[in-house]
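In what follows, every chain begins at residue 1, and chains take the letters A, B, ... in the order their sequences are listed. The basis for the numbers below is simple: all heavy atoms, side chains too, and nothing from hydrogens, waters or symmetry mates.
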2 protein chains.
Amino acid sequence: MNIKDIAKLAGVGVSTVSRVLNNHPDVKASTREKVLKIVEESNYIPNSSARILKQNNTKNIGILVKGMFNPFFSEMVNTIGCKINESGYTMILKQSYIEDYKDIDVLKAFINDKRLQGVICLGGNFIDINEQYIKDIEVPIVLTSVNNYNEEFTDGYSCISIDNRKAAYEATEFLLKNGHENIALMVADSYSKEGLNERRLDGFKQALKKYNIEFDECNLLEGHYRSDISYTKTKELLQRYENITAIFATSDIMAIGCAKAIVDSGKEIGKNICLIGFDGMDISEFYNPPISTIKQPKELMSNSSIELLLDLMNNKSEHKHIVLDTELIVRESCKIRIK
Amino acid sequence: MNIKDIAKLAGVGVSTVSRVLNNHPDVKASTREKVLKIVEESNYIPNSSARILKQNNTKNIGILVKGMFNPFFSEMVNTIGCKINESGYTMILKQSYIEDYKDIDVLKAFINDKRLQGVICLGGNFIDINEQYIKDIEVPIVLTSVNNYNEEFTDGYSCISIDNRKAAYEATEFLLKNGHENIALMVADSYSKEGLNERRLDGFKQALKKYNIEFDECNLLEGHYRSDISYTKTKELLQRYENITAIFATSDIMAIGCAKAIVDSGKEIGKNICLIGFDGMDISEFYNPPISTIKQPKELMSNSSIELLLDLMNNKSEHKHIVLDTELIVRESCKIRIK
DNA sequence: TTGTATGCGTTATCAT
DNA sequence: ATGATAACGCATACAA
């Protein structure tokens, strides 16, 4: 069943059918109705490949996700996916597992391969983005919550993020103000010497410095965004160092691993050892006891990303670099102060 | 840059280029190399729309998810998405929010609209699937972990599921054997009189019956797959009924809401009130205390679904209806026995 | 207001 | 082994 068949059935030319289907105004009302009726009756759906071939317009928006295993991202994909559907586009979701520094190449191949008209990248490392890449890419891209981008070169693409350094600084300062001097930091990968992790680590170090506390490398753990690994690493740490009084984990997923390790080490969360997570996921609120966290505005981040992308695609906006606010939510996991 | 340009640059005809690109054997080795070199140099990528138009083959696999907000599904999407990429297909992800009983229509529209060559449905209600629908659909579909399908008509489509009734029965029986007589059940939506929820409810009721315990409607709660709602509902319940000694929640997401409600009601999890969840998510293991759960084999479910679908698409398999095993994992949230 | 004819970039058939 | 050419289904410039 194609446009020719419909034309024949309706007793009109193919172009008239095409006009009706594309809501062109120059069709007599009666003709339009006649055509629509036939279309309805025969369950006709235009062949999108032919349409795309002709119009050079795929109506595809790509989402490139570095680590969908992270519920923080999968919730964002959820929100973004709804908006994409609503706006008549199709979401092409691709997960990337490539090592650092190659995300930009994956992105390029993704765009070419699927003829995308715009892309949102969730996570990933775009430190080596430059003018040549932007010129090659041609379609608007929005980097959301990415680990890194080139701060020297910010033209031609958009960025939506939080201030990771500041957020980590605030969380650490909170602990320091409460008298903690032996704080462990659980990051995802400490070897990654740049990016989101590095900036959170930076904020942590800055705060320590301001309060004249030496940074002890032994208090730095790698949880790889996994509860089980965080659990094991925290347990080891607590066996080695009796004097740890607080742990700051740079994701809630890791924080719950730390939490159980604290309990299993015979300590009480929020009393013997304070705990702060990152992201503001539901679990932090419903854990026992509730875990302090730095809340990221994930709804706002998702909505801003897709709205900005759509605007960019319709030339309704210039590229923007947006930094959204985070909020430190203090809960029972930080109840006790050390004077 | 199209196939014609490449042909011109390589000094050959378009059909030769096409043959090279599609690995046809009847090309001289030297010609093949020459063409490949030009293709490489010019970063040429064939236009997939034209290809699809010609071949009537989209290489698109659809995933229709009912409720990506559920991390259980988003983890499965993650696993499935990887396999799809590996096999050279593109994943088209669509989230459905339509009310019960219309999922089959959404599915049909999805397939037609995106010219899918196969679909996996995660969740949803397919009770009204029938011969006519299957005939209309034409491409293989796999229903994975769906709420319901037509047990009278199982031809022409595949199904991968667990035995929800049995799993719920086992969990309930475990509680009953430990002396619990006042057990609350937290389901997602009790109004949905069929489907996954109904079957879990059924298993629950069956177990009660076997142990000669009256089912009290007041002990049935609706958590809508949300921790916050489960929390509120559980708290209300515990205020009304002092004698509840166990709660069975039909998802871990809801179980953590119940868990916090228990604590906030001044009771101890696993001591005053026992708790069992469903799904086997990480959080059940790392909660404080660890929460008993019914573990679903989500990796196996994901892998089986996509492998079966690919086989079906290549006529390497017939349609199957597979029921996978679950496992009751008993943890500290069920430590205490009653008399 | 409507119909005819052309071309989008491929693949496949048919020559050569 | 290779090249010319006809389709695939659609949108649109142009003609009427």
Keeping the roles fixed (side chain from [X], backbone from [Y]), state whether a donor-acceptor pair exists under 3.5 Å.
X: B:N130; Y: B:Q132; result: yes
X: B:Q95; Y: B:L64; result: no
X: A:N47; Y: A:S49; result: yes

(request) Would you mind telling me which residue lines up with the more 5' stretch of DNA chain D, B:P25 or B:N56, judged by nearest nucleotide? (result) B:P25
(request) Using the closest heavy atom to pick a nucleotide of DNA chain D for each, name whichever of B:K54 or B:D26 lands nearer the 5' end. (result)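 In this pair, the answer is B:D26.
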Minimum-distance nucleotide (side-chain atoms of [X] versus [options]):
X: A:T31; options: C:dT4, C:dT2, C:dT10; value: C:dT2
X: B:V14; options: C:dG9, D:dT2, D:dT5; value: D:dT5
X: B:S15; options: D:dG3, D:dC10, C:dT10; value: D:dG3
X: B:N47; options: C:dT11, C:dG9, D:dG9; value: C:dG9
X: B:N2; options: D:dA11, C:dT2, C:dG9; value: C:dG9
X: B:T16; options: D:dG3, D:dC8, C:dA12; value: D:dG3
X: B:R19; options: D:dG3, D:dA11, C:dG3; value: D:dG3

Interatomic distance, [X] [atom1] vs [N] [atom2] [rounded to whole Å]:
X: B:N57; N: C:dA12; atom1: CG; atom2: P; value: 10 Å
X: B:L53; N: D:dG9; atom1: CG; atom2: P; value: 7 Å
X: B:D5; N: C:dG9; atom1: CG; atom2: P; value: 8 Å
X: B:E33; N: D:dT2; atom1: CD; atom2: P; value: 12 Å
X: A:K8; N: D:dG9; atom1: NZ; atom2: C1'; value: 13 Å
X: B:L21; N: C:dA12; atom1: CG; atom2: P; value: 12 Å
X: B:Q55; N: D:dG9; atom1: CD; atom2: C1'; value: 15 Å
X: B:H24; N: D:dA1; atom1: NE2; atom2: C1'; value: 14 Å

(message) At less than 4.0 Å, is any side-chain N or O atom of A:Y44 found next to OP1 or OP2 of D:dC10? Yes or no.
(response)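 So the side-chain polar atoms of A:Y44 do come within 4.0 Å of the phosphate oxygens OP1 or OP2 of D:dC10, strictly under.
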(message) Can you tell me if B:R51 touches the phosphate of C:dT11, counting only side-chain N or O atoms and a distance under 4.0 Å to OP1 or OP2?
(response) yes
(request) Taking all heavy atoms of B:Y89 and all of B:N60, pick out the closest pair and write down the distance. (result)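 Nearest heavy atoms, B:Y89 then B:N60: CD2-N, 4.2 Å.
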(request) Work out which heavy atom in A:S305 is nearest to a heavy atom in A:V142; give both atom names and the distance. (result)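 Nearest pair, atom of A:S305 first, then A:V142: O-CG2, 4.1 Å.
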(message) Under 3.5 Å, is there a donor on one side chain and an acceptor on the other for B:K114 and B:T58?
(response) no
(message) We want to know whether B:N112 and A:Y44 form a side-chain donor-acceptor pair, criterion being a heavy-atom distance below 3.5 angstrom.
(response) no
(request) Test side-chain hydrogen bond (donor to acceptor under 3.5 Å, both in side chains) on B:S74 and A:S74 and set out the steps. (result) CA-CA 6 Å; B:S74 67; A:S74 66; 3.2 Å; yes
(request) Name the residue closer to the 5' end of DNA chain C, choosing between A:K28 and B:P46 according to the nucleotide with the nearest heavy atom. (result)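 On the 5' side of the pair lies A:K28.
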(message) Over the length of the helix from C:dT1-D:dA16 to C:dT16-D:dA1, how much do the five-pair end axes diverge, rounded to 10 degrees?
(response) 40°
